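See structure below.
Just so you know, ligand 1 is whichever comes first in the structure, and atom 1 is the first atom listed for that ligand. Computed from heavy atoms alone, side chains included, the values below leave out hydrogens, waters and symmetry copies. Quick caveat: nothing in here was measured; it's all calculated off a predicted structure.
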Amino acid sequence: MPICQRDCPGACSLIIEGNELRGDPGHPVTRGFACKKAKNFMRYYRERRVLYPHLRVGDGFERISWEEALSMISDRLKYVIENYGPEEVLVYNYSGTTGLINYHYPLRLFNAIKATLVKHTLCDEAGELALELHFGSKYGAFPEDMERAKLLVIWGADLSSTSIHAYRIAADLRSRGEIYVVDPRVTKASMLGKHLRPKPGTDTLLAAGVSWYIINEFGVDSGFIEKYTEGFDHYASLISKYNPDLVERLTSVSKKEIRDLAESYSELKPSVTYIGKGVQKTKYGAEAVRLISLIPALVGVHRGFFYSNSWRDFDIDYLEASHLGSGRKVNMLDVPRLLADGKFKFIYIYNSNPAATLPNAALFRKGMMRKDLFKVVHEVVWSETAKLADIVLPATSMLEQDDFVASWWHQYFGYSRKVMEPMGESKPNWWVTNELAERMGLEWLKEDPMDAIRRALSKSRMIKNFEEILNKPYVKLEYPPKDLYQTPSGKIEFYSKIAEELGYSPLPVVAWEEADDDYPFRLITSAVPGNTSSQDLIGLSQDFIHMNALDCEKMEINDEDRVILESKYGRVTGIVKIDNSVPEGVIWTRRSAIMLDGFINDLITDEKQQINGGNCLNSTRVRVSKVR
Ligand SMILES: Nc1nc2c(c(=O)[nH]1)N[C@H]1C(S)=C(S)[C@@H](COP(=O)(O)OP(=O)(O)OC[C@H]3O[C@@H](n4cnc5c(=O)[nH]c(N)nc54)[C@H](O)[C@@H]3O)O[C@H]1N2
Ligand SMILES: Nc1nc2c(c(=O)[nH]1)N[C@H]1C(S)=C(S)[C@@H](COP(=O)(O)OP(=O)(O)OC[C@H]3O[C@@H](n4cnc5c(=O)[nH]c(N)nc54)[C@H](O)[C@@H]3O)O[C@H]1N2
Ligand SMILES: [Mo]
């Protein structure tokens with residue numbers, strides 16, 4: 001049975017019926033339901049496919065053999081390492097497949113040659129560290145906890161688009177419990193319950209306001225605080241500064257709404273707070289995650305949040321051979337500038353389409369035009385990034401490769417079996433780097449990926465044994481108990497010693513963004529149901545620039561008018577859709593949206609959060625002008 005390898009919380013196990021992919025009815029969480037993307041996959045995976053290795057010749061590409069491609073790449077790698085040093089080789093990878101083998105194994109080669117790797121910062125990494133600071137590790141509530149919750153708070157996530165099975169659980173919960181949604185936009189998910197619409201980027205304040213009411217009016221769970229937490233007094237004095245009047249004024253959420261939410265947290269237990277990546281992709285996003293995740297601790301709920309359950313005790317270092325030592329890492333967000341500044345002589349890209357998904361994407365594409373940079377892209381489809389390569393290598397799709405797939409939400413993990421023969425001459429990620437290793441004189445690195453994964457999982461305490469995974473459609477991973485905290489004190493640390501050691505504020509920072517008169521609109525981009533990131537572009541309609549009617553009226557913009565959006569990073573032209581689900585002062589598009597003359601990511605800020613160098617995608621500021 002294949003398991004979907006898109007970077008979604010579902011990690012759905014799928015069955016093939018005729019010419020269609022369907023959900024596996026036996027799966028305890030996804031229960032037979034497959035989303036639109038899975039339904040379209042059988043068509044998508046055949047279209048735009050890279051079928052053979054290709055070499056750039058002038059403005060076009062010519063087909064070459066694998067042997068030619070591999071020797072050209074290995075020759076160039078050797079040349080760059082000898083003449084410029086291994087740090088001039090950059091490997092850029094991300095979330096094309098979440099399969100453990102095809103995500104991690106290729107890094108073996110690049111660790112062995114001490115190439116430069118990317119530090120992943122484009123998704124949820126800042127928020128993950130935020131949780132580790134206070135709870136020791138990031139795992140939290142599971143689907144079964146959501147099902148049992150009396151209160152569900154969905155904070156900065158659009159479940160109807162990005163977590164369809166969680167959306168179903170939330171919809172079912174309406175008859176038994178209470179639901180709140182915190183999102184500046186109206187979404188299908190926000191209609192499930194009480195909707196709080198803070199000004200974007202003010203979530204630290206809102207969380208502080210909720211905490212203020214709990215501490216000062218409804219009362220904390222003193223027994224729990226005494227037994228399971230440290231540093232509460234420091235925390236309470238931080239929160240005391242954010243009284244409801246101040247919070248109401250700065251967030252635009254009324255005191256009544258804030259108080260109601262605080263009261264629900266105090267009375268309805270257990271609760272689950274589903275923290276989205278959207279709220280975290282802001283300048284103080286990780287600080288917001290710290291404050292939001294600590295609310296349940298005030299009222300006595302162990303790990304009452306879900307953000308990312310991707311904590312696992314698998315030996316990933318072994319899979320990636322990082323025990324051999326590795327080269328340096330650069331923040332992904334810096335890659336466009338580094339390339340444009342002439343850094344690196346060789347780039348190897350797999351599992352990612354940075355030309356459309358990185359911030360400052362136009363600069364990335366410009367850097368990729370450099371003649372002195374040798375560019376190799378291993379891709380399933382002719383992506384925007386593949387089109388910029390010197391050599392394009394064909395990759396197998398998720399149905400054409402064996403892999404092991406875990407979810408970052410539920411506990412079910414399994415072996416995704418190859419169910420189709422590879423199209424054309426496509427090859428899985430691990431195969432390519434193994435072949436390169438051989439040509440680089442590093443054949444000792446080569447290992448059957450099945451043996452490598454067996455070893456990487458052999459000491460895991462989350463699974464019984466490896467054979468079980470091979471023989472069952474999925475196994476349930478055993479996570480550590482929720483009341484175990486891997487902090488220095490073994491407790492929830494309101495005042496974080498880990499943060500102190502890392503040079504961050506031990507207490508969360510309550511901070512918010514100021515307006516920018518030159519760029520008065522805030523650009524929010526987020527996922528839609530029909531596709532993942534820049535993948536699955538099939539049957540998707542034209543991307544629009546969504547604006548509130550009041551803003552349009554002030555600027556005399558009509559529906560379907562053309563406008564220019566401009567940020568410090570670039571400008572693009574697009575077509576307006578008047579849409580009151582977007583608040584005033586905000587512009588929304590699909591993430592990685594395709595504009596008339598570029599990509600929305602050409603405008604996106606490459607600024608970093610203090611915590612973990614995380615992205616600030618949703619803090620992008622733009623101005624709008626009508627095309628006359
Ligand atoms: N504006 C804006 N930008 C964003 C975001 C946002 O919210 N707003 N979100 C960010 C987030 S959360 C993320 S995770 C990133 C994702 O950024 P990317 O990782 O670039 O995401 P994808 O568009 O999924 O690109 C993955 C590519 O890998 C290819 N691929 C799939 N399977 C395989 C395989 O087995 N082998 C190989 N070699 N290739 C494969 C696919 O064809 C696809 O082109 O985007 C970020 N960018
Ligand atoms: N269909 C589909 N599913 C996906 C993906 C996909 O591309 N398509 N991508 C997958 C990946 S890689 C990821 S990381 C997840 C992401 O899934 P989510 O966690 O849902 O994150 P986003 O889609 O980035 O944004 C979610 C919401 O955050 C809101 N938001 C923006 N700024 C703020 C703010 O300042 N405060 C608050 N409170 N809310 C704000 C947006 O309005 C949006 O509705 O989804 C995964 N699932
Ligand atoms: Mo992501």
What protein heavy atom sits nearest atom 39 (N) of ligand 2, and how far away is it?
P184 CD, 3.3 Å
Would you mind checking which non-hydrogen protein atom is closest to atom 25 (O) of ligand 1, with the distance to 0.1 Å?
N353 N, 3.6 Å
For the 3.5 Å polar cut-off, considering only N or O atoms, please tell me whether [X] and ligand 1 meet it.
{"X": "Y94", "answer": "no"}
{"X": "Y350", "answer": "no"}
{"X": "T532", "answer": "no"}
{"X": "H378", "answer": "yes"}
{"X": "Y44", "answer": "no"}
{"X": "S383", "answer": "no"}
{"X": "S352", "answer": "yes"}
{"X": "R6", "answer": "no"}

Option whose closest heavy atom lies nearest to [atom], chosen from [options]:
{"atom": "atom 26 (C) of ligand 2", "options": "G276, G156, A189", "value": "G156"}
{"atom": "atom 17 (O) of ligand 2", "options": "T162, I275, V186, V586", "value": "T162"}
{"atom": "atom 35 (O) of ligand 2", "options": "G285, S526, G201", "value": "G201"}

Contact check, [X] vs ligand 2, heavy-atom distance below 4.0 Å:
{"X": "D124", "result": "no"}
{"X": "V528", "result": "yes"}
{"X": "K37", "result": "yes"}

May I ask you to check whether [X] and [Y] show a side-chain donor-acceptor distance below 3.5 Å?
{"X": "T97", "Y": "N351", "value": "no"}
{"X": "E128", "Y": "S308", "value": "yes"}
{"X": "Y265", "Y": "T273", "value": "yes"}
{"X": "Y180", "Y": "S264", "value": "yes"}

Determine whether the side chain, the backbone, both or neither of N102 has a heavy atom under 4.0 Å from any heavy atom of ligand 1.
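Neither; no heavy atom under 4.0 Å.
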Heavy-atom side-chain contact between R6 and D536 under 4.5 Å:
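Answer yes - side chains close enough.
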What I'd like to find out is whether the side chain of Y569 reaches to under 4.5 Å of the side chain of N601, using heavy atoms alone.
no
dist I611:CD1 -> E287:CD (nearest 0.5 Å) comes out at 4.0 Å
Please check if the distance between the ring centroids of H27 and H165 is under 6.0 Å.
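Distance test on ring centres: not under 6.0 Å, no.
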Region of T202 engaging ligand 2 - heavy atom pairs below 4.0 Å:
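The answer is neither; T202 stays 4.0 Å or more away.
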Check each heavy atom of R591 against ligand 2 and say whether those closer than 4.0 Å belong to the side chain, the backbone, both or neither.
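Side chain only; the backbone of R591 stays clear of ligand 2.
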D260 and K194 ion-paired at < 4.0 Å
no
